[in-house]
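As structure tokens, the structure follows; a few thoughts come after it.
Quick note on labels: first sequence line is chain A, next is B, and so on, each numbered from 1.
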There are 2 protein chains.
Amino acid sequence: MDHGTRAEPRERLSRDTVLRAAVALADEYGIARLSMRSLAEVLGVVPMALYKHVANKDDLLDGMLDVIVGEIDPPVEEREWRDVIRRRVLSARRVLRRHRWARRVLETRTAMTPGVLAYTDSFIGMFLERGFPVDLTHHVMHAIGSRMWGFTQELFDDPEADPAQAAADAVPDQAALQQMAMRYPNVLRVAMASTHDDGVVGRGCDDQFEFEFALDLLLDGIGDRHARGWTSARPGADR
Amino acid sequence: MDHGTRAEPRERLSRDTVLRAAVALADEYGIARLSMRSLAEVLGVVPMALYKHVANKDDLLDGMLDVIVGEIDPPVEEREWRDVIRRRVLSARRVLRRHRWARRVLETRTAMTPGVLAYTDSFIGMFLERGFPVDLTHHVMHAIGSRMWGFTQELFDDPEADPAQAAADAVPDQAALQQMAMRYPNVLRVAMASTHDDGVVGRGCDDQFEFEFALDLLLDGIGDRHARGWTSARPGADR
DNA sequence: ACCTGAACACCGTTCAAGT
DNA sequence: ACCTGAACACCGTTCAAGT
């Protein structure tokens, strides 16, 4: 019943309100629908008003990342490195799954924001404080890569899948399946292996299972190198 | 000396010429500068002319991917799975480094194009044909993920870095370094460890070394699971 | 069959002005 | 100090028309 502009004294904008509104908007409608203009509309303000609180769109995205990085649990107090790392990664994973746009944004930017740096620093600390040498820790961090955020670069999973696409995947028509079997027999065999129990070809994989499988492969390898006192000992280190 | 439109009988467009021109344009100026409009201009044609050969921009990107996937070497003839996989991955890596935009494009799309499927099928085949069970192969493919294309999701490396950014990274001012040391001591220690030999803080890491380190961690883990006859044996498989 | 031109509905962002 | 309005230089794409 609000004809005319119900001029409730709209709260003054702040960087924080802008960032949180942006996160909420991306959570609900996806990052593709987040534009300076759509965000302004949600906040009941003209697009240019945002630029008082955010330098530009990149700065907005960086800020959004920092907001959600703050949601990752701190490391647990324990001396066993493997468990500490494992839990932290799985906590990050839960956060990134709540904010499905965040993965893509993390991949996109160079992301040297304060929050991201703080998390990285704390993550490295988990190794160093538990006796890992700096050299090994360095290479280990590279090997872990995006898995410190709880995601693996999976092929063929679309993080922003529209339901239509998902439905199409789930019910492939017979002809397409036939073609598939001819041309890509190995893909099909592997896809079938994961899904014979629920009868569909698409989405039969348990993402969480796959993630932990890969994470444990990695942690095993790391533990092995650590136990063997591995160093990079690269030729020309004294050059 | 071409005043007026030098009406050389411009070659008729084809899907192939369009795709190759797009690849060349992205190679030279980066994917951000590739638009339907800029591509049309390069081809000396009006934007809408492209739509006869390409359904839309997504289709263009898919096509570009298929062009470069064709550049990956076929698997070598050998019976040792580890070496075959390793070489194939490193070949893919060389291709993706020639076309630096491709990594981002691969990440972005669901990418179920014929070329991508064919490569995936052949990749899976390398395991199956060398005695890996289907179940293990399935999980292994998930664990390998984007590494089958020769890239790891690295944090803090910008694939499309502008030179200005790179320069800024390479020569951090003293004050920034000081701040860094206070706030992110662990990040700094690790960064220093890799670079004491060339004296700069930024880009001191040997990407190729890091990639192979991580790849070998993974391959070791895979070999271990294979040797132990690992199966997923998930509860409820008969449900 | 292939290419063109004008138009539509979007972007991020600048600049000068309002209160 | 904060917000506004109009404008600029871009996008991808539709539609009706040209040859």
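A/Lys52 has its NZ atom 7 Å from the P atom of D/dC2, to the nearest Å. Between the CG atom of B/Leu60 and the C1' atom of D/dC11 there is a distance of 14 Å, given to the nearest Å. When rounded to the nearest whole Å, the span between CZ of A/Arg33 and C1' of C/dC11 equals 15 Å.
In this structure the side chain of A/Ser146 never reaches within 4.5 angstrom of the side chain of A/Leu106, judged on heavy atoms. Using a 4.5 Å heavy-atom threshold, the side chains of A/Leu60 and A/Met36 count as touching. Inter-residue side-chain proximity for A/Leu90 and A/Phe211 is flagged as met; some heavy-atom pair is nearer than 4.5 Å. Taking 4.5 Å as the limit, some side-chain heavy atom of B/Trp101 sits within range of a side-chain heavy atom of B/Ile68.
Secondary structure note: stems in DNA chain D built from 3 or more consecutive Watson-Crick or G-U wobble pairs under 3.5 Å occupy C:4-8 with D:12-16, C:12-16 with D:4-8.
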### Task
List the steps and the verdict of salt bridge (Lys or Arg N to Asp or Glu O under 4.0 Å) for B/Glu107 and B/Arg103.
CA-CA 6 Å; B/Glu107 289 168 359; B/Arg103 174 180 140 178; 3.4 Å; yes

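Around atom CD of A/Gln208, more than 12 heavy atoms belonging to other residues, nucleotides or ligands sit under 6.0 Å away.
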For nucleotides 12-19 of chain C, 5' to 3', base contacts (B), sugar-phosphate-only contacts (S) and non-contacts (-) with protein non-hydrogen atoms under 4.0 Å give BBBB----

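At least one side-chain nitrogen or oxygen of A/His53 sits closer than 4.0 Å to the OP1 or OP2 atom of D/dC3.
A salt bridge between B/Arg94 and B/Glu71 is absent, with no side-chain N of the basic residue lying under 4.0 Å from a carboxylate O of the acidic one.
Below 30°, between 30° and 60°, or above 60°: for B/His142 and B/His138 the angle between ring planes is above 60°, a perpendicular geometry.
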